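One structure is given below, encoded as C-alpha cells.
Below, all heavy atoms of this structure are taken into account, side chains as well, without hydrogens, waters or symmetry copies. Quick caveat, the model's predicted, so the values are computed rather than measured. One is the number of the first residue; the rest follow in order along the sequence.
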Amino acid sequence: MKKIIFILTASTLLLNVSCEKKLNRALKSSDKGYVLKIAEEYEQKKKYPQAISLYEYANKLVVGTDDAPEIAYRNAQLNYLDGNYRLAAHQFKTFLSTYPQDKRAEEAAYMSAFCYYKDSPDYNLDQSNTKNALKELQSYINRYPNSDKIVECNRMMDELTHKLEKKAFENAVTLYKITEYKGSIVAFNNVLDEFPDTNLREEIQIYLLRAKTELAVNSVHRLKNDRLNDAVLSYTNFVKNFPQSEYVNEAQRLKNRLENAREDFDSKEKNIEESKNKKDSDKERKKII
C-alpha cells in the first residue's frame with residue numbers, strides 16, 4: 001500500500017514539474033500560436049491561474065493586431081471564472097471602452113456590472129463595492145434599455161439596495177444599544193428617507209419611539225417639554241400605522257412612561273412658577289417697605 005502511495009505521489013510530482021516546465025517554456029516563447037495553444041490547454045483543464053498568466057503574456061504579443069480583442073476578452077472571462085471579480089470587472093470595463101464597436105461590447109458591459117455584483121460583500125461589512133455595483137448596473141440599464149437582461153439587473157439592484165438598507169438599519173440599532181439616542185434617531189430617520197419602500201418601517205418606528213422616550217425621560221428640564229411632545233407624536237404615528245403590531249403593548253408602556261414624565265415635568269413647572277411668583281412678591285414688598 002505504501003509503495004502504491006509513493007508511486008502515485010512521485011507521478012503527481014513529475015506531472016506538476018512537467019506542467020511547470022510547459023508553462024515556463026510558453027511564457028518565454030515569442031511564438032504567439034504556441035502560447036495561445038498552451039493557454040487553451042490550461043483553460044480546458046480549468047487551470048485558470050496558469051491560463052490567465054499566459055493570456056496576460058499573450059496580450060503583449062498581439063498588441064495592435066486583430067487578435068487583441070479576443071485575448072483581452074478571454075482574460076477577463078478567465079478572471080471571472082477564477083473568482084477574481086474585481087479584476088474581471090475592471091477588465092470587462094476596459095474592454096468596453098477600448099472596443100466599443102466589438103460585437104461583445106454589450107456582454108462586456110453586463111459582465112462588468114455582474115462582477116461588481118458578485119464582489120459585493122455581506123451586509124455587515126464595508127459596502128463601498130455594493131455602491132459601485134449599483135452604479136454599474138444602472139449604467140448598463142441606461143446604456144442598453146432594451147436588453148433582455150434588464151429584469152435580472154433590476155433583481156440584482158433590489159438585492160444590493162436591501163443590503164445597504166440592512167447595513168444602515170443595523171448601524172442605527174447599534175447606536176441605540178450603546179445609548180447614543182440622538183444619533184440613533186438621526187440614523188433611523190435617514191433609513192426611512194433613503195429607503196422609503198423599506199420593509200423595516202415597523203421596526204424602525206418602534207426603535208424611534210424607544211429612543212425618543214429614553215431621550216425625553218432623561219432630558220434636562222429645559223429640553224424635556226419639546227422632547228416629550230416629539231415622543232408622544234412618535235407613539236401616535238406608530239399605533240396609527242401599525243395597530244396590529246406585536247409591539248403595541250410595548251408602545252403603550254412607553255406612552256405610560258411619557259405620561260409619568262409629563263406629570264413630573266408639569267409639577268416641576270408649577271413649583272418653578274410658584275417660586276418665581278413668590279420672589280416677585282417679595283421684591284414688591286421690599287419696595288413698599
Review point. Do Glu107 and Tyr73 have side chains that get closer than 4.5 Å, going by heavy atoms?
Key: yes
Check your understanding: If two hydrophobic side chains count as joined below 4.5 Å and joins carry through other members, does Phe242 share a cluster with Ile206?
Key -> yes
Check your understanding: Residues sharing Leu223's hydrophobic cluster, by side-chain heavy-atom contacts under 4.5 Å among ILVMFWY, directly or via others?
Key -> Val220
**Study point:** Gap separating the CG atom of Leu78 from the CG atom of Leu87, nearest 0.5 angstrom
**Key:** 11.0 Å
Revision key, fill the gap. Residue pairs meeting side-chain hydrogen bond (donor to acceptor under 3.5 Å, both in side chains), one or both in residues 164-186, sequence neighbours left out, come to Glu165-Thr198
Review point. Same cluster or not: are Tyr207 and Leu192 linked, directly or through other Ile, Leu, Val, Met, Phe, Trp or Tyr residues, by side-chain heavy atoms under 4.5 angstrom apart?
Key: yes
Review point. In Å, rounded to the nearest 0.5 Å, how long is the span from CD of Glu152 to OH of Tyr117?
Key: 7.0 Å
Exercise for review: Mind listing the closest non-hydrogen atom pair of Arg262 and Asn229 along with its distance?
Suggested key: NH2-OD1, 2.7 Å
Revision key, fill the gap. Sorted by chain and residue number, the side-chain contact (heavy atoms from CB on, under 4.5 Å) partners of Asp197 (sequence neighbours excluded) come out as none
Exercise for review: Taking the side chain as every heavy atom from C-beta outward, state whether Val191 and Leu200 have any pair of such atoms under 4.5 Å apart.
Suggested key: no
Point to revise | Side chain to side chain, Leu164 and Phe195, heavy atoms closer than 4.5 Å | key: yes
Point to revise | Check: Asp126 side chain, Ser128 main-chain N or O, donor-acceptor pair, under 3.5 Å | key: yes
Check your understanding: Leu209 and Ala231: which non-hydrogen atoms are nearest, and at how many Å?
Key -> CD1-O, 3.6 Å
**Study point:** Partners passing salt bridge (Lys or Arg N to Asp or Glu O under 4.0 Å) against Lys163 (at least two apart in sequence or in another chain)
**Key:** none
Study note, to complete from the structure: Heavy-atom closest pair (Ser120 atom, Thr130 atom, distance to 0.1 Å) is OG-OG1, 2.5 Å
Exercise for review: Write down the atom of Ala105, the atom of Pro100, and the distance for their closest heavy-atom approach.
Suggested key: CB-O, 3.5 Å
Exercise for review: For Tyr80 and Tyr85, run side-chain contact (heavy atoms from CB on, under 4.5 Å): C-alpha distance rounded to whole Å, both residues' side-chain angles, the deciding distance at 0.1 Å, then the answer.
Suggested key: CA-CA 5 Å; Tyr80 162 70; Tyr85 299 125; 3.7 Å; yes
Check your understanding: Which ring-ring contact (aromatic ring centres under 6.0 Å, His included) pairs, counting each pair once, include a residue from residues 144-166, with sequence neighbours left out?
Key -> Tyr140-Tyr144
**Study point:** ILVMFWY clustering at 4.5 Å (side-chain atoms), partners of Val248
**Key:** none
Practice item. Report yes if the side chains of Pro121 and Gln127 come closer than 4.5 Å at any heavy-atom pair, otherwise no. Key: yes
Check your understanding: Just wondering, do Met111 and Gln77 contact through their side chains at under 4.5 Å, heavy atoms?
Key -> no
Practice item. Can you sort out the partners of Arg86 under side chain to side chain donor-acceptor pair (under 3.5 Å), two or more places apart, ordered by chain and number? Key: Asp119
**Study point:** Presence of salt bridge, Glu214 and Arg227, under 4.0 angstrom
**Key:** no
Check your understanding: Does atom CG of Asp66 have more than 12 heavy-atom neighbours, drawn from other residues, nucleotides or ligands, at distances under 6.0 Å?
Key -> no
Practice item. Examine distances only and state if a side-chain atom of Lys255 and a backbone atom of Val232 form a donor-acceptor pair shorter than 3.5 Å. Key: no
Review point. Can you tell me how far the CG atom of Asn154 sits from the CD atom of Glu159, to the nearest 0.5 Å?
Key: 13.0 Å
Practice item. Test side-chain contact (heavy atoms from CB on, under 4.5 Å) on Leu137 and Phe114 and set out the steps. Key: CA-CA 8 Å; Leu137 285 164; Phe114 183 66; over 6 Å; no
Revision key, fill the gap. Contacts satisfying ring-ring contact (aromatic ring centres under 6.0 Å, His included) that involve residues 210-235 (not counting sequence neighbours) are His221-Phe265
Exercise for review: Mind running side-chain contact (heavy atoms from CB on, under 4.5 Å) on Leu134 and Gln138 for me, showing each step along the way?
Suggested key: CA-CA 6 Å; Leu134 282 166; Gln138 187 61 58; over 6 Å; no
Study note, to complete from the structure: Rounded to the nearest 0.5 angstrom, the CG-CZ distance for Leu233 and Phe238 is 14.0 Å
Check your understanding: Do the non-hydrogen side-chain atoms of Glu194 and Asn189 ever get within less than 4.5 Å of each other?
Key -> no
Check your understanding: Side chain of Ser219, backbone of Leu215: donor and acceptor closer than 3.5 Å?
Key -> yes
Review point. Is a salt bridge present between Asp264 and Lys268, judged by a nitrogen-to-oxygen distance below 4.0 Å?
Key: yes
Point to revise | Charged N-O contact under 4.0 Å between Lys149 and Glu106 | key: no
Study note, to complete from the structure: side chain to side chain donor-acceptor pair (under 3.5 Å) filter on Thr236, not counting sequence neighbours, yields none
Study note, to complete from the structure: Separation between OH (Tyr34) and CG (Leu54), nearest 0.5 Å, reads 9.0 Å
Review point. Are Val62 and Ile52 connected, step by step, through hydrophobic side chains (Ile, Leu, Val, Met, Phe, Trp, Tyr) whose heavy atoms are closer than 4.5 Å?
Key: yes
Exercise for review: Using salt bridge (Lys or Arg N to Asp or Glu O under 4.0 Å) as the criterion, list what pairs up with Glu203, not counting sequence neighbours.
Suggested key: none
Point to revise | Under-4.0 Å salt bridge between Arg74 and Glu40 | key: yes
Exercise for review: List for me each residue that meets salt bridge (Lys or Arg N to Asp or Glu O under 4.0 Å) alongside Arg104, sequence neighbours excluded, and say none if there are none.
Suggested key: Glu70, Asp102
Point to revise | Nearest heavy atoms of Ala72 and Asn59, plus distance in Å | key: N-OD1, 4.0 Å
Check your understanding: Side-chain contact, heavy-atom cut-off 4.5 Å: Tyr55 with Leu36?
Key -> yes
**Study point:** Cys115 side, atom SG; Gln91 side, atom CD - distance, nearest 0.5 Å
**Key:** 9.5 Å
Review point. Of all heavy-atom pairs between Glu43 and Tyr48, which one has the smallest distance, and what is that distance?
Key: O-CE2, 4.0 Å
Practice item. State whether Lys47 and Glu41 are salt-bridged, where the test is any N-O pair (Lys NZ or Arg NE/NH1/NH2 against Asp/Glu carboxylate O) under 4.0 Å. Key: no
Exercise for review: May I ask whether Tyr116 and Tyr110 are part of the same hydrophobic cluster, defined by side-chain heavy atoms of I, L, V, M, F, W, Y residues being less than 4.5 angstrom apart, directly or through others?
Suggested key: no
Practice item. Report the residues that fulfil salt bridge (Lys or Arg N to Asp or Glu O under 4.0 Å) with Asp158, sequence neighbours left out, ordered by chain and then residue number. Key: none
Review point. Does Asp230 reach the main-chain N or O of Asp226 with its side chain, forming a donor-acceptor pair under 3.5 Å?
Key: no
Check your understanding: With hydrophobic residues grouped by side-chain heavy-atom distances under 4.5 Å, do Leu61 and Tyr42 end up in a single group?
Key -> yes
**Study point:** Verdict with reasoning, Ser112 to Glu136, per side-chain contact (heavy atoms from CB on, under 4.5 Å)
**Key:** CA-CA 8 Å; Ser112 176; Glu136 293 301 320; 4.2 Å; yes
Review point. Quick check: does any side chain N or O of Asn241 sit under 3.5 Å from a backbone N or O of Asn237, one acting as donor and the other as acceptor?
Key: yes
